[in-house]
Amino acid sequence: GFGHVSMRHPDAPQRYLMARSVAPALVVPADIMEYDLESNACGGDTRKGFLERFIHGEIYKARPDVNCVIHTHSIGVIPFGVAGVPLRPVVVQAGFLPLETPLFEAREAQPGKKERGMLVRSPELGAYLAKKLGPAPVILMRGHGNAVVGDSVRRATVRAVYTEINARVQLEAQLRHALDKEEFELRYQPRVHLATGEICGFEALLRWRHPQRGLLSPGVFIPVLEDT
């Protein structure tokens with residue numbers, strides 16, 4: 001998947017280490033860059049860094065206990081950021097999750113601004129995310145995955161993996177309940193011939209009428225249904 005990982009510099013806690021902007025699977029030691037907590041590259045390094053490095057710098061600034069930050073575009077957690085259903089610990093290995101995982105919404109961080117987008121592309125957005133994270137180990141990012149922290153790379157990695165597993169297990173349980181309660185609806189959308197304007201067929205669309213959250217689009221639940 002997409003995302004990036006960083007670690008606090010072991011000898012300089014006011015700095016952190018992170019790869020340049022390159023696909024995670026292709027990273028080699030020479031790709032590692034050093035940043036200050038304002039997310040400025042150190043030592044005159046002019047290589048292109050990740051646009052969302054501000055997630056990392058602002059969390060390190062706000063949380064001295066954190067030594068590793070992982071941002072993932074985890075598909076499993078995305079429904080919990082867009083459907084209003086809280087992500088809660090349901091498997092024992094995810095006991096680190098709070099009873100309700102905090103949620104970052106970029107639009108809340110910049111009310112009144114016309115710019116759209118989900119990327120954390122500024123120190124201000126990073127600081128707002130860090131504030132919403134608070135003392136929690138994980139924060140959901142609406143439509144954009146999550147950010148996971150830990151006091152070591154190992155702990156943060158384990159948390160990132162089990163956050164994804166927990167999300168899929170929780171959603172699968174909700175889907176099985178929805179099937180039992182017949183909460184799914186099949187709707188038909190007409191297909192129109194552009195040249196004649198005549199209806200030439202229909203497209204079947206599955207919707208989930210959630211008892212608390214209303215009608216949910218298939219993007220929220222289809223990926224998990226396909227896997228199960």
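Numbering starts at 1 and runs along the sequence shown.
For Arg155, the CZ atom is loosely surrounded, since the number of other residues' heavy atoms within 6.0 Å does not exceed 12. Atom CG of Leu186 sits in a crowded spot, with more than 12 heavy atoms from other residues, nucleotides or ligands closer than 6.0 Å.
Checking side-chain atoms of Asp45 against main-chain N and O of Cys42 turns up no donor-acceptor pair under 3.5 Å. For Arg20 (side chain) and Lys48 (main-chain N/O), no donor-acceptor pair under 3.5 Å exists by modelled atom type. Between the side chain of Asn166 and the backbone N or O of Val90 there is at least one donor-acceptor pair closer than 3.5 Å. Without hydrogens or angle criteria, Glu105 side chain to Arg107 main chain gives a donor-acceptor distance under 3.5 Å. Side chain of Arg47 to backbone of Ile32: a donor-acceptor contact under 3.5 angstrom is found. In terms of modelled atom types and a separation under 3.5 Å, the side chain of Arg15 and the main chain of Glu34 share no donor-acceptor contact. Without hydrogens or angle criteria, Arg8 side chain to Asp151 main chain gives no donor-acceptor distance under 3.5 Å.
Between Gly76 and Ala167, the shortest heavy-atom contact is O-CB, 3.4 Å. Nearest heavy-atom pair across Ala136 and Arg63 is O-NH1, 3.0 Å. Contact detail for Gln189 and Leu205: the closest heavy-atom pair is OE1-CD1, 3.5 Å. Of all heavy-atom pairs spanning Ala147 and Ile55, the tightest one is CB-CG2, 4.3 Å. For Gly3 against Pro24, the heavy-atom pair with the smallest separation is O-CG, 3.7 Å. Among all heavy-atom pairs drawn from Ala178 and Phe184, the shortest one is CB-CE1, 3.7 Å.
Every pair tested for side-chain hydrogen bond (donor to acceptor under 3.5 Å, both in side chains) that includes a residue from residues 92-102 fails, sequence neighbours excluded, so the list is empty. Pairs engaging residues 122-133 under the side-chain hydrogen bond (donor to acceptor under 3.5 Å, both in side chains) rule: Glu108-Tyr128, Ser122-Glu124 [sequence neighbours left out].
Taking hydrophobic clusters as Ile, Leu, Val, Met, Phe, Trp and Tyr residues chained together by side-chain heavy-atom distances below 4.5 Å, Leu140 shares a cluster with Leu171. By the criterion of side-chain heavy atoms lying less than 4.5 angstrom apart, applied directly or through intervening Ile, Leu, Val, Met, Phe, Trp or Tyr residues, Val66 is not grouped with Val5; the two fall into different hydrophobic clusters. Put simply, Val120 and Leu37 are part of the same group of oily side chains (I, L, V, M, F, W, Y) that touch within less than 4.5 Å, one to the next. By the rule that hydrophobic residues join a cluster once side-chain heavy atoms approach within less than 4.5 Å of another member, Leu51 and Val27 end up as members of separate clusters. Hydrophobic clustering (side-chain heavy atoms under 4.5 Å, transitive across Ile, Leu, Val, Met, Phe, Trp, Tyr) groups Tyr60 together with Met141.
With contacts defined as side-chain heavy-atom distances shorter than 4.5 Å, the pair Glu38/Lys61 qualifies. Residues His144 and Leu119 have side chains in contact (heavy-atom distance under 4.5 Å, counting atoms from C-beta outward). No side-chain heavy atom of Phe50 sits under 4.5 Å from any side-chain heavy atom of His71.
Put simply, CG on Leu206 and CZ on Arg187 are 10.5 Å apart, with the number rounded to the nearest 0.5 Å. Of the inter-residue distances, the one linking Met33 atom CE with Thr46 atom OG1 reads 8.0 Å to the nearest 0.5 angstrom. Going from atom CG of Leu97 over to atom CZ of Arg88 covers 11.5 Å, rounded to the nearest 0.5 Å. With rounding to the nearest 0.5 angstrom, the CG atom of Leu87 is 12.0 Å from the CD1 atom of Ile139. The OG1 atom of Thr163 sits 3.5 Å away from atom CZ of Phe96, with the distance rounded to the nearest 0.5 Å. To the nearest 0.5 Å, the span separating CG on Leu129 from CD1 on Ile59 amounts to 5.5 Å.
A salt bridge between Glu172 and Arg176 is present, with a side-chain N of the basic residue lying under 4.0 Å from a carboxylate O of the acidic one. Taking 4.0 Å as the cut-off between side-chain N and carboxylate O, Glu183 and Lys181 do not count as a salt-bridged pair.
Ring geometry for Tyr16 versus Tyr35: interplanar angle under 30°, hence parallel rather than tilted (30 to 60°).
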Anything under 3.5 Å between a donor and an acceptor, one on a side chain of residues 191-204, the other on a protein residue two or more places apart or in another chain? List them.
unit_1: His193; atom_1: ND1; unit_2: Ala195; atom_2: N; d: 3.1
unit_1: His193; atom_1: ND1; unit_2: Thr196; atom_2: N; d: 3.4
unit_1: Thr196; atom_1: OG1; unit_2: Glu198; atom_2: N; d: 3.2

